[in-house]
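Notes to accompany the following structure.
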Amino acid sequence: MSSKSKPVLSSSIGKKLIMSLTGLFLCTFLVIHLIGNLQLFKCDDGYAFNNYAYFMTHFTPIKVVSYLLYASIIIHAVYAIVLSMNNKKARPVGYKQYNGQANSKWNSRNMGILGTIILVFLATHLQNFWWKYHNDQVPYVEYHKDLSTGTVTTHELQAADFTEYSVITENGVEITRARDLYKQVDFAFQNICLVALYVIAMAALAFHLIHGFGSAFQTLGFNHKKYVPIIRFLGIWIFGIVIPVAFALMPLYFYFIK
Amino acid sequence: MSAHMNLTLKVWRQKNDKSKGQFVTIQANDIADDMSFLEMLDIVNDDLTRKGEDPIYFDHDCREGICGMCSLVINGRPHGPKYGITTCQLHMRSFHDGQTIVIEPWRAAAFPVLKDLAVDRTAFDRIQQAGGYVNVNTGGVQDANNILIPKRIADEAFESATCIGCGACVAACKNASAMLFVSAKISQFALLPQGQTERYERAQAMVDQMDAEGFGNCTNTGACEAECPKGIKLTNIARMNREYLTAKFFREEDIHN
Ligand code: HEM
Ligand code: SF4
Ligand code: FES
């Protein structure tokens with residue numbers, strides 16, 4: 001007798017495949033997001049950052065990718081829940097004594113908890129900036145850039161005077177009117193509780209990715225003598241340390257230095 | 001002269017697969033440190049039997065680390081506090097006088113407790129039967145060296161084949177995943193020329209059966225590899241994922257059963 005094997009997505013490995021692909025996609029997003037946000041550290045009253053924010057929300061290919069991104073977060077979280085529930089069911093009676101430290105790393109055993117912290121953070125983060133930016137709840141700003149000297153001056157702009165993002169040139173001065181997400185960031189990060197949440201979430205992200213980045217390649221079946229050490233290096237140093245630390249520095253910078 | 005010790009055992013006792021079990025405290029006195037863990041249990045059982053009580057039921061057979069029958073989670077670790085050995089290879093010198101030792105069965109939905117410390121591991125047999133074999137034609141026996149296999153490949157296949165099916169990987173895994181076992185069984189054939197005929201059918205059939213038995217999903221914690229008495233490597237799991245995903249996306253084949 002012959003029969004078809006079960007569909008790939010109903011299998012354990014198929015579901016893990018979804019986890020790893022969405023997880024890695026989120027990792028590439030982190031790199032782009034970080035590079036863009038480094039402009040927050042520029043001392044230009046948000047001139048570069050606000051222009052960048054407009055570009056990212058209005059350039060069609062990037063908008064398409066952003067929808068993929070929202071979908072990835074949701075799918076990653078849903079599959080995390082499905083897999084975790086299956087795993088719970090696979091061991092209905094637990095051990096009286098379980099010495100996990102002896103055989104595995106703490107973060108690898110707590111990916112769900114770390115992910116949940118990240119999810120709570122994401123909801124707050126999107127509400128603070130994404131939602132406010134898209135729903136006209138941020139201040140406005142006007143920049144005057146002298147095209148001959150390149151100096152930029154900042155001017156307040158009342159809501160009544162703002163219609164759309166615009167760049168016009170008058171008498172050798174480039175006038176940019178934009179939503180001031182930079183100011184919103186500055187404002188939000190005066191709240192110590194929010195700063196604390198961001199720093200904690202970045203620590204969670206660090207531990208999530210120290211395990212997750214390498215784990216995703218193992219799930220994909222990629223296990224190569226020469227390249228696995230490189231993946232492990234990237235997972236620990238780039239995704240586990242450099243990226244989360246750089247992100248965590250942003251709220252700290254606005255709270256303590258700006 | 002070997003040193004002797006007195007130990008307090010907290011042992012899982014369960015009448016049968018239907019009843020609820022509980023931990024029972026049993027004293028193990030005058031245990032020599034050069035005994036194996038199973039010999040210690042033998043002594044305790046002699047004692048219990050003499051007193052007219054039900055001896056502790058536990059699995060064992062070869063008592064030299066090759067059959068995979070012995071199990072036991074000892075103080076929170078499958079096969080006890082040492083790495084790379086089975087419970088029958090564990091000596092009492094790994095413990096000290098006055099120590100409390102918690103002894104539990106493998107815990108997994110797919111490994112139901114039969115009695116006390118013995119669990120039903122026939123789920124592994126059914127996974128093997130689903131595809132862990134090669135078909136061999138009848139007729140004259142071929143000369144052994146007719147099929148050339150590079151030594152590197154033969155060694156790798158042999159390493160995968162050293163899995164004794166004990167189930168410590170499942171017991172150690174926080175998800176009760178059987179992927180180390182299944183991947184070892186898939187690997188030993190995927191690597192060899194003799195295994196090519198059923199290669200992709202095998203990966204699909206064995207993974208299907210593994211899921212049907214109710215084992216959990218691997219999250220690559222590596223606990224299995226650390227606790228495996230035979231040193232089966234995580235590279236096997238990567239290979240299984242490769243075999244299975246290749247089968248699914250490029251070589252879908254029907255399963256014969
Ligand atoms: C920016 C956010 C996130 C990134 C970059 C990310 C990345 C990753 C990566 C690369 C993996 C490894 C996949 C694999 O092993 O195959 C992973 C695993 C996992 N993620 Fe996330 N993740 C994020 C958010 C979340 C959230 C919000 C949750 C929970 C709701 C979550 C829960 C999990 C769980 C439970 C695993 C374990 C699966 C496993 O190890 O196989 N993650 N994540
Ligand atoms: S992989 Fe190791 S731990 Fe798992 S059944 Fe085989 S020998 Fe036992
Ligand atoms: S009794 Fe055979 S391996 Fe322990």
Side-chain angles (χ1 to χ4, degrees), chain A residues 1-17 19-21 79-80 82-112 115 211-225 228, chain B residues 10 12 21 23 73 75-78 81 83 102 104 107-110 113 170-177 179 201 204-205 207-208 210-212 214-227 234-235 237-249 252-257:
Chain A
M1 204 187 85
S2 82
S3 60
K4 283 257 172 288
S5 142
K6 284 199 313 187
V8 62
L9 288 189
S10 69
S11 75
S12 48
I13 297 178
K15 290 188 204 113
K16 280 167 48 62
L17 175 70
M19 267 325 265
S20 72
L21 292 179
Y79 272 81
V82 170
L83 286 169
S84 301
M85 278 177 9
N86 277 343
N87 293 345
K88 197 108 217 132
K89 234 176 41 202
R91 175 165 296 138
V93 182
Y95 292 108
K96 181 186 172 78
Q97 221 177 69
Y98 180 72
N99 187 354
Q101 276 151 278
N103 53 40
S104 55
K105 297 259 163 45
W106 167 87
N107 55 331
S108 76
R109 279 177 277 123
N110 291 284
M111 290 295 276
H211 176 69
F213 187 73
S215 169
F217 285 89
Q218 164 81 1
T219 299
L220 292 172
F222 189 84
N223 189 309
H224 189 285
K225 266 206 205 80
V228 161
Chain B
K10 290 202 153 71
W12 182 260
F23 282 95
V73 169
N75 284 346
R77 299 207 22 219
Y83 293 94
V102 179
E104 303 175 66
R107 293 291 191 192
V113 173
V170 176
C173 176
K174 81 170 192 43
N175 310 312
S177 165
M179 287 204 185
E201 180 184 336
Q204 297 181 77
V207 170
D208 276 5
M210 168 180 81
D211 291 345
F215 290 105
N217 307 282
C218 172
T219 52
N220 305 321
T221 67
C224 52
E225 181 186 67
E227 297 292 8
L234 289 180
T235 44
I237 299 186
R239 185 181 296 106
M240 171 177 71
N241 294 350
R242 240 165 25 232
E243 295 288 313
Y244 178 80
L245 293 172
T246 308
K248 278 301 182 197
F249 291 114
E252 179 100 45
E253 278 171 23
D254 283 355
I255 291 173
H256 297 84
N257 43 15

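Within every chain, numbering begins at 1; the chains are lettered A, B, ... in the order of the sequence lines, protein sequences first and strands thereafter.
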**Request:** Return yes if some donor-acceptor pair links the side-chain N/O of A:Y95 with the main-chain N/O of B:R107 below 3.5 Å, else return no.
**Result:** yes
**Asked** How about A:Y79 and B:N217: do any of their side-chain heavy atoms sit closer than 4.5 Å?
**Response** no
**Asked** Can you tell me if A:R91 uses its side chain to pair, donor with acceptor, with the backbone of B:A171 under 3.5 Å?
**Response** yes
**Request:** Check each atom of B:K248 against the heavy atoms of chain A and say whether the ones under 4.5 Å are side chain, backbone, both or neither.
**Result:** side chain
**Complete:** Max heavy-atom pairs within cutoff under 4.5 Å with chain A, candidates B:E104, B:R242, B:K174, goes to B:E104
**Prompt:** Hey, which of B:V73, B:T246, B:V113 has the most heavy atom pairs under 4.5 Å with chain A?
**Reply:** B:V73
**Asked** Judged by atom type as modelled, is there a donor-acceptor pair below 3.5 Å linking the side chain of A:Y98 to the main-chain atoms of B:N75?
**Response** no
**Message:** Do B:K10 and A:Q97 make a side-chain contact, defined as non-hydrogen atoms from C-beta onward lying under 4.5 Å apart?
**Reply:** no
**Asked** Among B:Q204, B:E243, B:E225, which has the most heavy-atom pairs under 4.5 Å with chain A?
**Response** B:Q204
**Item:** Heavy-atom contact with chain A under 4.5 Å, split by part of B:A205
**Value:** neither
**Request:** Calculate, to the nearest 0.5 Å, the distance between atoms NZ and OG1 belonging to A:K16 and B:T219 respectively.
**Result:** 7.0 Å
**Message:** Are B:M240 and A:I13 packed together at the side-chain level, in the sense that at least one heavy-atom pair is separated by less than 4.5 angstrom?
**Reply:** yes
**Request:** Heavy-atom pairs under 4.5 Å with chain A are the metric here; pick the option from B:A226, B:A247, B:C173 that has the most.
**Result:** B:C173
**Best-contacting candidate, A:G214, A:S12, A:A102, A:S104, against chain B by heavy atom pairs under 4.5 angstrom** = A:S12
**Item:** Pairs of heavy atoms under 4.5 Å with chain A: top-ranked of B:A109, B:P81, B:G216
**Value:** B:A109
**Asked** How many angstroms lie between atom CG of B:N220 and atom CE of A:M19, to the nearest 0.5 angstrom?
**Response** 11.0 Å
**Prompt:** With sequence neighbours excluded, what pairs up with A:V82 under the side chain to side chain contact (heavy atoms under 4.5 Å, CB included) test?
**Reply:** A:K15, A:V78, A:N86
**Complete:** Heavy-atom nearest pair, A:T219 first then B:L245, reads O-CD1, 4.2 Å
**Message:** Given heavy-atom pairs under 4.5 angstrom as the criterion, report whether the side chain, backbone, both or neither of B:C224 touches chain A.
**Reply:** neither
**Asked** B:N241 and A:Q218: which non-hydrogen atoms are nearest, and at how many Å?
**Response** ND2-O, 3.3 Å
**Fill in**
Turns out that what part of A:K89 lies under 4.5 Å from chain B's heavy atoms comes down to backbone
**Message:** Between B:D211 and A:K6, is there a side-chain heavy-atom distance shorter than 4.5 Å?
**Reply:** yes
**Asked** Any donor-acceptor pair under 3.5 Å linking the side chain of B:R77 with the backbone of A:N99?
**Response** no
**Request:** Measure the spacing between CG of A:N223 and CZ of B:R239 and express it to the nearest 0.5 Å.
**Result:** 8.5 Å
**Prompt:** Under 3.5 Å, is there a donor-acceptor pair between the B:D208 and A:S5 side chains?
**Reply:** yes
**Asked** Which atoms form the tightest heavy-atom contact between A:G14 and B:Y244, and what is the distance?
**Response** N-CE2, 4.4 Å
